[in-house]
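See below for the structure under consideration.
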Amino acid sequence: MAAPILVVAAALVDDLDRPARLLAARRTRPAALSGRWEFPGGKVDHGETPVQALHRELREELGVTAELGREVPGPDDGAWPLTDRYRMRLWLGRITEGHPEPLEDHDELRWLATAELGDVDWLEGDLPIVAALRGLFRETG
Ligand SMILES: Nc1nc2c([nH]c(=O)n2[C@H]2C[C@H](O)[C@@H](COP(=O)(O)OP(=O)(O)OP(=O)(O)O)O2)c(=O)[nH]1
């Protein structure tokens, strides 16, 4: 089987040191994933570093510039296994320029407070990440 494709994404928060709110985005495609919520991001293109890819995706998808904080490491060499085909690396981020809009691939954005993290229908592969973030928010909140 081919090596899993790397996806990069951001957990955009209100405050990198004491995060209390997280930006979730609702997908519009493909049909099988439409309506499910996720972290903004996407695949790393050839010739890009993961961090460059993430800045590009945030610009394209939401129209924002963000300062990245620490990476939230997953169990698979630092990445989060999503499916057989994809694994994802995720960084905390804080928007420094622009107001996020669902410009591409999403039709709704929501800022979720810690107690609301389970209120949206996350993509299956994101559930362990949301659990890790809930722990992080509690520790620092
Ligand atoms: N961006 C993103 N993708 C996720 C998350 N969770 C999850 O399972 N995925 C899956 C959905 C997709 O099958 C796969 C690739 O993400 P994507 O479709 O956003 O990548 P992309 O924007 O580069 O896509 P494309 O332009 O090539 O169509 O990763 C998540 O939180 N964020």
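For ligands, and for the atoms within them, numbers begin at 1 and follow the listed sequence.
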Would you compute the distance between atom [atom1] of [X] and atom [atom2] of [Y] and round it to the nearest 0.5 angstrom?
| X | Y | atom1 | atom2 | value |
| --- | --- | --- | --- | --- |
| E38 | E124 | CD | CD | 14.0 Å |
| D17 | R70 | CG | CZ | 11.0 Å |
| L127 | L117 | CG | CG | 11.5 Å |

Does W80 form a ring pair (Phe, Tyr, Trp, His ring centres under 6.0 Å) with Y86? I'd like the steps, not just the answer. CA-CA 9 Å; W80 296 88; Y86 297 110; over 10 Å; no
Compile the protein residues with any heavy atom at a distance under 4.0 Å from an atom of ligand 1; present them by chain, then by number.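 Residues near ligand 1: V7, R27, R29, L33, E38, F39, G41, G42, K43, E57, L82, Y86, M88, D105, L123, D126.
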For residues T28 and H106, report the shortest heavy-atom separation together with the two atoms involved. CG2-C, 3.6 Å
For D77, is the CG atom crowded, meaning more than 12 foreign heavy atoms sit under 6.0 Å from it? no
